[in-house]
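Order of the sequence lines fixes the chain letters, A, B, ..., with proteins taken first and strands second; residue numbering starts at 1 for each chain.
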Amino acid sequence: MDDKLLKPYDPKETEKRIYEVWEKSGFFNPDICVEKGVTDPKAETFTIVLPPPNVTGLLHLGHAYEYSLQDAVIRYQRMCGKRTLWIPGTDSAAIATQARVEKNIQKEEGKNRHNLGRQELVRRVSDFAKNSEKTILNQIHRMGGSLDWSRYAYTLDEKRNLAVSTAFKRMYDEGLIYRGNRIVNWDPKGQTTISDDEIVYEERDTKLYTFKYSKEFPIMVSTTRPETKVGDVAVAVHPNDERYKAYVGREYNLTFCDVPIRIKIIADHSVEKEFGTGALGVTPAHSQIDWEIADRHDLQRPQVINEYAKMIVEGRLSGKKTLEACEIVVDWLKEQDLLEKEESIKQNVPTSERTGAIIEPLPKLQWWISVNKKFTIQHSEITSIKSGEQTSLKEIMRKSVESGAVNMPQERFRKIYFHWIDNLRDWCVSRQIWFGHRIPVWYRSTGAHGKSDGIPSDSRGIEIFCGVEAPEGAGWKQEEDVLDTWFSSALWTFSTLGWPKKTNDLVTFHPTSFMSPAYEILPLWVSRMILMSGFHLGQVPFRTVMIHGLVRDKTGRKFSKSLGNGINPLEIIEKYGADALRMGLLVGTAIGNDIKFDEDKTKGYKHFANKLWNIARFILENTDGIDYAQLVSPTQKDEEITKQLEALVADVTNDFENYRLYLAAEKIYHYIWHEVADKIIEESKLILDSKNAEAKLSCQYTLYNLLTVLLKILHPFMPFVTEEIWKFLPKKDSDLLMVSKWPK
RNA sequence: GGGCGAUUAGCUCAGGUGGCUAGAGCGCGUCAUUGACAUUGACGAGGUCAGAGGUUCGAGUCCUCUAUCGCCCACCA
């Protein structure tokens with residue numbers, strides 16, 4: 001009997017050491033498993049690609065939960081004999097990381113990014129990212145993640161860069177990526193475009209003004225932003241609105257607050273008769289909906305507000321900030337006796353998630369991915385999409401899930417997914433920041449260098465080149481913008497496997513098997529992986545996706561920096577051990593629901609680790625030196641125990657196959673504590689002390705078998721303590737528990 | 001405006017295809033204790049499963065409606 005077993009279990013002393021043993025064994029890498037003969041070379045594969053955490057700081061308990069879940073699945077599959085690969089990685093998170101570093105620099109040095117210049121800023125952000133990466137990787141190690149570190153990937157490393165440029169070029173060549181002047185969400189503080197998903201709406205009190213453009217104008221309109229009205233080109237009414245029918249088609253030239261404008265009265269179905277006056281002042285350049293109306297009616301789109309949220313018109317508004325301009329316009333309306341009504345209303349104001357600035361919709365020349373454009377898919381393995389068929393990116397996203405090619409078992413998330421797809425507009429992928437993948441496009445003006453063959457040019461006489469490498473020849477300038485961080489994230493399941501090269505890994509491990517992201521990023525990420533994988537490989541990115549919930553604090557609040565309620569998983573691991581943390585997060589938390597983190601619960605599982613430790617001590621003490629080669633006929637009672645155990649294994653296996661880990665973990669826990677410890681071991685004491693040699697031997701065999709099986713089925717949840725106990729077993733089917741065979 | 005989820009013991013939550021005499025952990029009460037385990041054991045109290053209707057031999061579970069709380073999407077000019 002090892003002395004170590006005589007003391008209480010100490011996770012602190014054990015966990016780091018065990019992790020090193022695992023890493024050294026090489027068994028996190030499926031190739032080595034095959035090489036060393038623990039896995040059949042022809043075995044089925046099972047792949048998970050880690051949702052890469054942002055290198056913006058520390059991991060929190062949400063990550064800990066996500067990784068516990070995935071590690072349990074991976075460990076189970078590995079023990080079942082599959083060729084199991086879990087790929088680690090991190091995400092540069094372009095905008096989030098840059099914003100973070102810019103804020104620090106502003107605070108500490110009082111400088112902004114333009115003071116530093118592009119090169120210096122990118123260097124600073126990269127340094128920060130490197131640092132953060134180190135911390136994060138250490139955290140993942142401590143949680144026990146059985147990831148193949150030899151395949152580690154970072155969204156901004158060389159291989160992923162190649163993947164990004166290649167993906168961009170292929171989509172550009174297919175006409176699915178285009179450059180277009182369209183209305184975008186402009187963040188005047190961050191000086192960049194942001195996506196719809198990066199907007200948060202805040203309810204604020206505001207005023208709704210009802211007015212006429214001029215004395216002779218026949219219709220009143222309402223607005224919360226009078227200053228934008230100098231950009232109006234039309235008034236839209238509902239086609240069936242009897243009040244205004246007579247005016248439709250008329251045009252008026254007038255001067256509004258010193259600005260000459262021309263207003264046409266048009267009929268459009270998007271206007272609600274019941275709202276306000278039933279007439280809508282159309283400002284195409286500064287409102288998404290108005291932009292679309294302008295599309296339908298072929299209207300002008302004069303821009304009146306610039307990137308700094310200042311007015312760019314002549315007269316009294318010239319150069320004024322929008323807020324100031326608003327007051328000036330209202331004063332002018334009053335002066336001219338054009339203001340009919342002024343009422344207080346609540347309004348949802350769009351603000352930037354990162355900077356808090358009010359979003360200014362502006363027309364900008366940006367890069368877009370067309371989600372509706374038809375193209376011919378050369379090669380498709382996706383159910384319900386045939387090779388050579390006409391399809392669109394949106395259709396790929398919809399059909400992949402609809403057909404079950406991507407299995408999304410949770411009905412409620414399927415609904416959310418489809419709803420999102422149906423309302424999807426073209427995806428703006430360019431960002432006016434510096435940290436990230438620079439768009440692989442170069443420009444030069446045709447005037448200076450004449451026309452080159454085969455290179456398209458736009459209407460303003462500028463040649464455009466898109467390619468993985470910079471073009472030959474002089475005078476080319478690369479696009480300043482970088483890509484939306486989700487562009488590279490969307491390639492993640494295959495860029496991590498070496499694409500665009502046709503690597504062995506890509507052929508062997510893609511499509512991946514399982515993905516388990518938080519519901520927050522279902523549209524943001526899951527759908528876009530399906531899009532990219534579908535277009536570039538004709539495959540789905542993963543076979544099953546299980547959406548999980550958020551970990552919240554004890555009172556149900558989200559963890560956030562501003563609330564200061566964040567918990568570093570390492571703190572919890574220090575106190576209770578990684579095994580306990582994993583159980584505390586997994587047990588009894590139905591997948592998809594939010595979790596309130598309870599430290600007491602975790603403490604309970606630290607006790608449980610010790611309980612198991614003591615059970616092992618008892619069994620090993622009482623089975624010391626027995627001959628396992630001997631044939632034993634079990635007593636009826638022991639037969640029953642074995643049967644019960646087999647039933648548990650079958651039950652737990654079934655739960656694993658259906659990703660009901662929270663049930664499996666709880667069942668094992670309950671069985672070990674309240675059956676094995678409280679009943680089986682208590683009752684065995686009499687037999688072990690008795691003179692009945694046969695019954696005693698049967699009991700010893702049964703207890704020993706019980707221990708080995710329980711260690712195995714608990715291992716995916718509590719890998720450290722089980723592996724440590726395994727070390728002390730005299731007879732086992734494998735030196736390391738992590739690659740032992742899952743019991744039947 | 002549209003959608004989703006939650007509502008089960010004092011607290012935090014499970015409850016796979018309807019079979020439940022409704023469970024767990026923590027907390028609480030009584031007792032035990034040099035025993036593998038003082039990180040322990042035994043026993044116990046505590047619930048009209050949010051409410052109302054319906055389907056069914058049978059409903060915590062399926063359907064309809066209502067209430068309260070939470071979240072998401074859209075953005076109304």
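The shortest side-chain heavy-atom distance between A:Phe211 and A:Val221 falls under the 4.5 Å cut-off.
Taking every side-chain heavy atom of A:Phe618 into account, B:rA36 is the closest of B:rU39, B:rG41, B:rA36.
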**Message:** Does the protein touch nucleotides 71-77 of chain B at the base, only the backbone, or not at all? Give it as B, S and - per nucleotide, heavy atoms under 4.0 Å.
**Reply:** --SBBBB

**Prompt:** When you check every protein heavy atom under 4.0 Å of nucleotides 11-28 of chain B, what one-letter string (B, S, -) results, 5' to 3'?
**Reply:** -SSSSB-------SS---

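Between the NZ atom of A:Lys611 and the C1' atom of B:rU39 there is a distance of 9 Å, rounded to whole Å. The CG-P distance, from A:Leu706 to B:rA36, rounds to 17 Å in whole Å. Atom CG of A:Asp422 and atom C1' of B:rG3 are 13 Å apart (whole Å).
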**Asked** Once Watson-Crick and G-U wobble pairs under 3.5 Å are found, how is RNA chain B written in dot-bracket notation, 5' to 3', with | for any base paired to another strand?
**Response** (((((((..((((.....[...)))).(((((.......))))).....(((((..]....))))))))))))....

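Nucleotide B:rG16 carries a syn base; the chi torsion (O4'-C1'-N9-C4 or O4'-C1'-N1-C2) is within 90° of 0.
Using atom P as the reference point in both B:rC43 and B:rU55, the two lie 43 Å apart (nearest Å). B:rU7 and B:rC13 are spaced 10 Å apart, taking the P atom of each and rounding to whole Å. Remark: the separation of the P atoms in B:rG10 and B:rG51 is 14 Å, to the nearest Å. For B:rU21 and B:rC26, the C1' atoms lie 25 Å apart once the distance is rounded to whole Å. Comparing B:rG16 with B:rG23, their C1' atoms are spaced 16 Å from each other, to the whole Å. Comparing the same atom, C1', in B:rG18 and in B:rC62 gives a spacing of 8 Å after rounding to whole Å. The P atoms of B:rG15 and B:rC57 are separated by 28 Å, rounded to the nearest whole Å. Remark: the separation of the P atoms in B:rC65 and B:rG2 is 13 Å, to the nearest Å.
Counting non-hydrogen atoms of other residues, nucleotides and ligands closer than 6.0 Å to NZ of A:Lys667 gives a total above 12. Counting heavy atoms of neighbouring residues, nucleotides and ligands inside a 6.0 Å radius, atom NZ of A:Lys207 does not exceed 12 of them.
Taking the six-membered ring for Trp, A:Tyr605 and A:Tyr9 have ring centres at least 6.0 Å apart. Two rings, from A:Tyr252 and A:Tyr213, have their centers 6.0 Å or more apart.
Distances shorter than 4.0 Å separate some side-chain N or O of A:Trp673 from OP1 or OP2 on B:rG41.
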Grab the N/O contacts between the protein and nucleotides 60-67 of chain B below 3.5 Å, and write none if there aren't any.
none

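Using a 4.0 Å cut-off between a side-chain N of Lys or Arg and a carboxylate O of Asp or Glu, A:Asp422 and A:Arg398 qualify as a salt bridge.
A:Glu360 is linked by a side chain to side chain donor-acceptor pair (under 3.5 Å) to A:Arg225, counting only residues two or more places apart in sequence or in another chain. Remark: A:Lys415 engages no residue in a salt bridge (Lys or Arg N to Asp or Glu O under 4.0 Å) (not counting sequence neighbours). Partners of A:Trp613 by side chain to side chain donor-acceptor pair (under 3.5 Å), not counting sequence neighbours: none found. A:Lys334 meets the side-chain contact (heavy atoms from CB on, under 4.5 Å) test with A:Val330, A:Leu339, A:Glu342; sequence neighbours excluded. Listed by chain and residue number, A:Leu620, A:Tyr704, A:Leu707, A:Thr708, A:Leu711, A:Trp726, A:Lys732 satisfy the side-chain contact (heavy atoms from CB on, under 4.5 Å) test with A:Leu729 (two or more places apart in sequence, or in another chain).
Contacts classified as ring pair (Phe, Tyr, Trp, His ring centres under 6.0 Å) and involving residues 576-598 of chain A (residues at least two apart or in different chains) are not found. Each salt bridge (charged side-chain N to carboxylate O under 4.0 Å, His left out) pair with one or both residues in residues 276-288 of chain A, not counting sequence neighbours, would appear here, but there are none.
Defined by atom type and a distance below 3.5 Å, a donor-acceptor pair is present between the side-chain atoms of A:Glu657 and A:Tyr76. Checked by atom type, the side-chain pair A:Trp742/A:Thr653 shows a donor-acceptor distance below 3.5 Å. Between A:Glu198 and A:Ser195, the side chains place a donor N or O and an acceptor N or O closer than 3.5 Å (distance only, hydrogens not considered).
RNA chain B lies under 4.0 Å from at least one heavy atom of each of the following residues of residues 678-687 of chain A: A:Asp678, A:Ile681, A:Glu682, A:Lys685.
Residue A:Ala236 is classed as having no contact, given no heavy-atom separation below 4.0 Å to the nucleic acid.
Checked options A:Asp295, A:Leu280, A:Leu299; the residue passing with A:Asp290 is A:Leu280 (criterion: side-chain contact (heavy atoms from CB on, under 4.5 Å)).
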